[in-house]
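Some notes on the structure that comes next.
Remember, it's a predicted structure, so these values are computed and weren't measured experimentally.
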Amino acid sequence: MSDLHEHAPLAAPIGFAHRGGLGDAPQNTLAAFGTALAAGASGLESDVWLSADGFAVLDHDGLIGEGHRIADAARGELPGHIPTLGEFYAACGTDFELSLDILDPRAARVAVNEAERVGAVGRLWVVGGWPRVSPAREINPDAHVVANLLWWQLGPGIRPLLREARSAGICAINMPFWLWNPWLVRQTHAAGMLAFGWRANKNWQIHWLRRCHCDAIYSDSVGLLVRATAKNPRSAA
């Protein structure tokens, strides 16, 4: 069992390249993911959907063309730039953390099973809204489950909410950078979970999450992200 799975605060944050980052290749393509890894990103992020014939594929909004859903199309009918998760692993390997936003609940099981097939389930982070995401823990106990929180879920009841999330098997809390502060990160750590911050696309936003001692940072700006995070995030503080 890894340090990450034990939910110890990390000595250096994971740097998730959001959709592969804003680089020379279109986001959510194998070229973008490969470029981000070559630049030194320690993690990749994408959204996963299920095709009509049961393939887990990586795409942002689950739509192809105007008004056509990935869920209604077979794998062979999808545009060539949309990779399956299997193709993603074949091209990129498994030596990085992978964060997958589960917007189609049916895709969670297929994604976890695919990660398990290639021996990468211990480096997979399954992300979804709280409390909807909690059943994903039942698919494979080695998968990390991350709960998105919204601003209205914060407030006087945050400590009981964090305890409830931890008891449900949640590994990390994910919020935009502007909702995090050092006190809230400490409360999250005290509850036995990690603190993940997203939409940190400017240097000051990334460094704010670092000053708060967040454990992962999602950014479109891969260069800034790599310079602000360590190559190896797996040692615990």
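Heavy atoms only, all atoms of each residue included: Ala17 and Ala41 are closest at CB-CB, 4.2 Å. When all heavy atoms of Leu50 and Ala107 are compared, the pair lying nearest together is N-CB, 4.1 Å. Taking both residues in full, the closest heavy atoms of Cys92 and Gly34 are given as SG-N, 4.4 Å, listed atom of the first, atom of the second, then distance. The shortest non-hydrogen separation linking Ser46 to Asp59 is OG-N, 4.2 Å. Heavy-atom minimum distance, Ser219 versus Ile206: OG-CD1, 3.9 Å. Contact detail for Ala73 and Ile64: the closest heavy-atom pair is CB-CD1, 3.9 Å.
Of the N and O atoms on the side chains of His189 and Asp215, at least one donor lies less than 3.5 Å from an acceptor on the other residue.
Taken from CD1 in Ile217 to CD1 in Ile14, the straight-line distance is 10.5 Å, to the nearest 0.5 Å. Here the NE2-NZ distance, from His207 to Lys202, works out to 14.5 Å after rounding to the nearest 0.5 Å. In this structure, CZ on Arg69 lies 8.0 Å from CG on Asp104, to the nearest 0.5 angstrom. The structure places CG of Leu154 at 5.0 Å from CE of Met175, a figure rounded to the nearest 0.5 Å. Here the straight-line distance linking atom CG of Asn203 with atom CZ of Arg227 works out to 7.5 Å at 0.5 Å rounding. The distance from atom CG of Leu149 to atom CD1 of Ile158, rounded to the nearest 0.5 Å, is 5.5 Å.
Using a 4.5 Å cut-off on side-chain heavy atoms (C-beta onward), Leu184 and Asn181 make contact. At a threshold of 4.5 Å between non-hydrogen side-chain atoms, the residues Arg159 and Gln187 count as touching. Between His18 and Trp198, the closest side-chain pair of non-hydrogen atoms is not below 4.5 Å. Looking only at side-chain heavy atoms (C-beta outward), His213 and Pro182 stay at 4.5 Å or farther from each other. Taking 4.5 Å as the limit, every side-chain heavy atom of Ile173 sits out of range of all side-chain heavy atoms of Trp130. Contact check for Ile102 versus Asp47: no side-chain heavy atoms found under the 4.5 Å cut-off. For the pair Arg109 and Asn113, the minimum side-chain heavy-atom distance is below 4.5 Å. Side-chain atoms of Leu58 and Phe33, non-hydrogen and from C-beta on, do get closer than 4.5 Å to each other.
A donor-acceptor pair is defined here as one N or O able to donate and one able to accept, closer than 3.5 Å; no such pair exists between the side chain of Asp220 and the backbone of Leu22. Side-chain N or O atoms of Ser42 include one that pairs as donor or acceptor with a backbone N or O of Gly15 at under 3.5 Å. In this structure, Glu45 contributes its side chain and Arg19 its backbone to a donor-acceptor pair below 3.5 Å. In this structure, the side chain of Arg166 engages the main chain of Gly192 through a donor-acceptor pair within 3.5 Å. Of the possible donor and acceptor atoms, none in the side chain of Glu164 sits under 3.5 Å from a partner among the backbone N and O of Pro160. At least one donor-acceptor pair closer than 3.5 Å links the side chain of Ser221 to the backbone N or O of Asn201.
Partner of Phe177 under the ring pair (Phe, Tyr, Trp, His ring centres under 6.0 Å) criterion, out of Trp204, Phe196, Trp208: Trp204 alone. Across Val146, Ile139, Val112, Val121, a single residue satisfies side-chain contact (heavy atoms from CB on, under 4.5 Å) together with Val126, and that is Val112.
Under a hydrophobic clustering in which Ile, Leu, Val, Met, Phe, Trp and Tyr are joined whenever their side-chain heavy atoms come within less than 4.5 Å, directly or via other members, Val145 and Leu162 fall into the same cluster. Cluster membership for Leu103 and Ile82, using ILVMFWY side-chain heavy atoms within less than 4.5 angstrom, is shared. There is no path of hydrophobic side-chain contacts, each under 4.5 Å, that joins Leu30 to Leu78. Val118 and Val110 fall into different hydrophobic clusters, where Ile, Leu, Val, Met, Phe, Trp and Tyr are joined by side-chain heavy atoms under 4.5 Å apart, directly or via other members. Under the 4.5 Å side-chain heavy-atom criterion for ILVMFWY residues, no single connected hydrophobic cluster contains both Leu100 and Leu63.
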Query raised in the report: What do the steps show when you test Asn148 against Val133 for side-chain contact (heavy atoms from CB on, under 4.5 Å), and what is the final call?
Result: CA-CA 9 Å; Asn148 288 326; Val133 71; over 6 Å; no
Query raised in the report: Where do Tyr218 and Val127 land on the side-chain contact (heavy atoms from CB on, under 4.5 Å) test, with the steps shown first?
Result: CA-CA 12 Å; Tyr218 295 83; Val127 185; 4.1 Å; yes
Query - Chi angles and distances behind the side chain to side chain donor-acceptor pair (under 3.5 Å) call for Tyr89, Thr94 - result: CA-CA 6 Å; Tyr89 276 128; Thr94 60; over 6 Å; no
Report task. Tell me, with the steps shown, if Leu44 and Ser99 meet side-chain contact (heavy atoms from CB on, under 4.5 Å). Result -> CA-CA 6 Å; Leu44 297 174; Ser99 174; over 6 Å; no
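Using a cutoff of 4.0 Å between basic side-chain nitrogens and carboxylate oxygens, Arg123 and Asp95 are scored as salt-bridged. Look at Glu87 and Arg75 and you find a salt bridge, because one of the NZ, NE, NH1 or NH2 atoms lies within 4.0 Å of a carboxylate O, short of that distance.
Other residues, nucleotides and ligands place no more than 12 heavy atoms under 6.0 Å from the CH2 atom of Trp151.
Between Phe88 and Phe55, the ring center distance fails the sub-6.0 Å criterion.
Under the 30°/60° scheme for interplanar angles, the aromatic rings of Trp125 and His144 are found to lie parallel.
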